[in-house]
**Student:** 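Dumping the structure here so I can ask a few things about it.
Quick note on labels: first sequence line is chain A, next is B, and so on, each numbered from 1. As the structure is a prediction and not an experimental result, all values here were calculated from the model.
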Number of protein chains: 4
Amino acid sequence: MGIEETREKIVSVADRLFRRFGFQKTSMDEIARIARKAKGSLYYHFSGKEELFREVVQNEVNGMKSKLLVIVNNSDYNSGGKLKTYMQTRMDVLQHATNYHETIQSDDHDHFEFMKDIRKDLDDWERVQICSIIREGVETGEFELDLSVEVLSDIIIMIVKGLEGPFYLQGRYTEYSPYFDGLAKILMKGLSKMY
Amino acid sequence: MGIEETREKIVSVADRLFRRFGFQKTSMDEIARIARKAKGSLYYHFSGKEELFREVVQNEVNGMKSKLLVIVNNSDYNSGGKLKTYMQTRMDVLQHATNYHETIQSDDHDHFEFMKDIRKDLDDWERVQICSIIREGVETGEFELDLSVEVLSDIIIMIVKGLEGPFYLQGRYTEYSPYFDGLAKILMKGLSKMY
Amino acid sequence: MGIEETREKIVSVADRLFRRFGFQKTSMDEIARIARKAKGSLYYHFSGKEELFREVVQNEVNGMKSKLLVIVNNSDYNSGGKLKTYMQTRMDVLQHATNYHETIQSDDHDHFEFMKDIRKDLDDWERVQICSIIREGVETGEFELDLSVEVLSDIIIMIVKGLEGPFYLQGRYTEYSPYFDGLAKILMKGLSKMY
Amino acid sequence: MGIEETREKIVSVADRLFRRFGFQKTSMDEIARIARKAKGSLYYHFSGKEELFREVVQNEVNGMKSKLLVIVNNSDYNSGGKLKTYMQTRMDVLQHATNYHETIQSDDHDHFEFMKDIRKDLDDWERVQICSIIREGVETGEFELDLSVEVLSDIIIMIVKGLEGPFYLQGRYTEYSPYFDGLAKILMKGLSKMY
DNA sequence: TATGAATGAGAGTTCATTCAT
DNA sequence: AATGAATGAACTCTCATTCAT
């Protein structure tokens with residue numbers, strides 16, 4: 001088993017356990033045991049628990065990005081469709097991005113200070129995507145704004161981020177999702193002149 | 001120093017530390033040290049770390065309730081004003097309800113299973129308040145709904161809960177709050193027939 | 001409630017709990033709680049846990065003595081009957097002298113060093129009783145020994161003490177008691193010339 | 001220092017301390033300190049205090065078995081000699097099996113529930129040995145029983161178990177051992193027809 | 001490249017005892 | 001004569017990390 005396989009094995013087990021039990025309640029011991037590696041091996045490949053977690057989260061974020069990118073680049077949708085699908089997919093993807101969420105939620109500044117960078121990076125990336133969708137809509141004449149592209153995109157981001165709460169954190173997906181479609185319409189209506 | 005003072009001292013120190021470091025990273029040792037009490041004293045007054053945390057959270061929730069109740073019972077507002085002020089105050093209050101939030105966020109089901117009750121209780125309480133505001137508005141003819149009072153109140157609750165995310169969790173209060181006023185209007189417009 | 005009543009209440013609760021959970025696993029807290037007395041009261045009446053236990057054991061030993069004395073002084077039995085009944089009653093009484101036994105068993109020399117006196121006292125007392133029975137038997141011509149009264153009584157004491165093991169300590173009462181009668185006969189036959 | 005040495009060092013220190021202070025009054029801290037190992041090392045090698053104790057007791061029991069087996073297999077003795085020597089050696093060995101005894105005596109069912117197995121195993125083992133000795137005696141014509149081999153062996157076991165009390169528990173070895181020879185004869189005489 | 005034995009600081013909790021009232 | 005709040009030492013156990021091999 002090559003070095004890369006070992007690394008991946010460790011990361012994949014760590015991902016599963018962090019996802020299930022969270023950062024604090026997952027021990028290096030358990031990761032090692034389940035990965036069938038020696039505890040020392042984890043420290044050969046990663047400088048500590050924190051760096052291992054960082055790797056796991058970065059993988060998750062990369063996965064999220066690539067799924068969202070598929071929508072942004074999918075020419076089957078018009079801009080309105082892209083926006084709505086983006087929002088819906090984002091909900092879906094975040095449902096499963098457990099570890100990323102732990103970094104948002106946790107007060108554990110000692111360990112997660114470093115996560116600010118990853119979060120900031122993702123925020124910026126999303127802003128770029130949303131802006132790009134809106135700009136496309138404006139260019140094709142599909143959208144006609146009475147707000148700047150940047151402000152509108154910020155508001156949209158605020159709202160979708162807001163929905164992470166009841167949808168993901170509080171596990172109210174099934175409870176609230178019936179309202180989602182209506183809500184989406186209301187929001188888009190309120191935010192754009194064109195309707 | 002009477003028993004009540006001691007209890008309060010412990011709770012107040014615990015509140016500060018839980019708020020700052022979270023449940024896991026706050027040790028009974030530190031609470032005792034800073035409160036200038038023996039560790040055993042904490043266990044005289046509370047059966048364990050969990051119960052102490054429970055007390056802290058319950059205090060927080062009671063504080064939230066009483067602040068919100070002031071608005072619901074304030075006859076200076078008309079119903080629309082009450083609703084908007086309720087939403088804004090809620091944001092404000094939740095900003096500081098750090099410990100309550102930890103229980104929403106945490107995956108630590110071992111420790112926080114007991115919090116379901118407190119959360120459920122608060123949810124129900126809020127639903128009652130919102131319904132009461134809306135009903136008042138309907139009775140005075142200020143509101144005219146095309147949804148049932150219950151459904152409307154559920155949607156409002158969903159939205160304000162949703163906003164907890166960016167406002168509280170991610171510390172974006174200052175960043176997003178300029179948009180809040182506009183958002184509130186949009187939402188109320190979208191939800192009520194009368195506009 | 002007078003002072004004597006309080007003392008007795010404490011002792012009686014302590015007795016019950018020591019009996020059930022042993023010395024170590026019974027806490028002063030629990031004794032106080034169940035006796036409905038303040039913890040401080042226990043320390044008003046007894047200098048510590050140890051002295052309270054001492055009192056409990058002493059009571060138990062006194063109870064044992066008085067039950068055995070009834071047999072020794074009962075003129076309905078002849079000497080052989082007394083001896084056999086003494087042995088049987090001793091088994092029975094010891095079955096329930098849980099706290100006394102704890103002092104025999106425990107390695108806890110710190111706490112139970114003081115128990116040597118109580119044990120020595122009881123041993124001496126029993127030796128006197130057995131000697132008295134045997135002497136009575138000799139005087140009435142019922143017994144005719146080829147050993148001195150003292151040696152014979154020591155052997156009897158050794159045997160009855162020995163039987164505490166399987167009968168009491170190991171909870172084999174029901175298992176071994178069928179053999180008891182036969183064993184008693186064998187022993188008495190082996191020990192005395194008269195058969 | 002290899003792993004086996006460390007394990008043995010821990011076990012040997014634990015054995016000494018358990019023997020001296022008993023299970024409850026021996027702390028993991030002290031074992032670690034005296035063994036010159038980190039506390040965590042004890043938990044690396046044993047899952048807890050209980051398992052460490054279990055190991056100690058198992059070693060003791062194994063030692064007892066092998067010493068007794070020497071007698072059972074020693075063809076220098078005839079069957080009567082074996083039986084008597086077995087009984088005497090048993091007394092001797094049990095004198096030093098302090099930890100095994102703690103499990104017999106202790107009321108601490110939480111910790112020692114697991115000991116039932118070890119005890120049961122030893123009981124069964126002894127029954128087999130005694131039966132084997134008796135059968136051998138019967139086959140060589142040395143013994144002629146009016147009881148079944150099984151019942152006779154049960155009675156012998158009861159008696160030797162009984163003698164554990166005064167001999168071991170109460171430290172009366174030196175006091176009572178002068179009587180032992182006579183007692184042994186009496187018992188064997190009482191139990192077998194052939195005398 | 002990988003191992004796993006060893007570490008030690010720190011965690012939550014228990015409890016006999018003290019003492020001001 | 002009685003209280004009960006307060007203490008602090010001692011306990012078992014956890015776990016991220018180190019290091020010789």
**Student:** For dA16(F), take OP1 and OP2 only and decide whether either is under 4.0 Å from a side-chain N or O of Lys49(A).
**Tutor:** yes

**Student:** Need to verify one output field. Residue with the more 5' nearest nucleotide on DNA chain F, Gly40(C) or Met28(A)?
**Tutor:** Gly40(C)

**Student:** Please report the interatomic distance CZ(Phe53(B)) to CD1(Ile31(B)), rounded to the nearest 0.5 Å.
**Tutor:** 10.5 Å

**Student:** Verify whether one side chain among Glu51(D) and Ser47(D) offers a donor that lies under 3.5 Å from an acceptor in the other.
**Tutor:** yes

**Student:** Under 4.5 Å between any side-chain heavy atoms of Phe18(A) and Thr98(A), yes or no?
**Tutor:** no

**Student:** Starting from the 5' end of DNA chain F, give me the residue, His45(C) or Thr26(D), whose nearest nucleotide shows up first.
**Tutor:** His45(C)

**Student:** Side chain of Ser41(C): nearest nucleotide among dT17(F), dG12(E), dT3(F)?
**Tutor:** dT3(F)

**Student:** Could you check which of dC11(F), dA6(E), dG8(F) has an atom nearest any side-chain atom of Thr6(D)?
**Tutor:** dA6(E)

**Student:** Side chain of Tyr43(C), heavy atoms from C-beta onward: which of dA16(E), dG12(E), dA2(E) has the nearest atom to it?
**Tutor:** dA16(E)

**Student:** Let's see if you can work this out: which of dT12(F), dG8(F), dA2(E) has an atom nearest to the side-chain heavy atoms of Tyr44(A)?
**Tutor:** dA2(E)

**Student:** For dC15(F), which nucleotide is its Watson-Crick or G-U wobble mate, given both distances must be under 3.5 Å?
**Tutor:** dG8(E)

**Student:** Which nucleotide sits closest to the side chain of Asp29(B): dT12(F), dA11(E), dA6(F)?
**Tutor:** dA11(E)

**Student:** Report the nucleotide, chosen from dA2(E), dT13(E), dA6(F), that has the shortest atom-to-atom distance to any side-chain atom of Lys39(B).
**Tutor:** dT13(E)

**Student:** Ala38(D) side chain: which of dA6(E), dT7(E), dT12(F) is closest?
**Tutor:** dT7(E)

**Student:** In terms of side-chain heavy atoms, does Asp15(C) have a donor or acceptor partner in Asn99(C) at a distance below 3.5 Å?
**Tutor:** yes

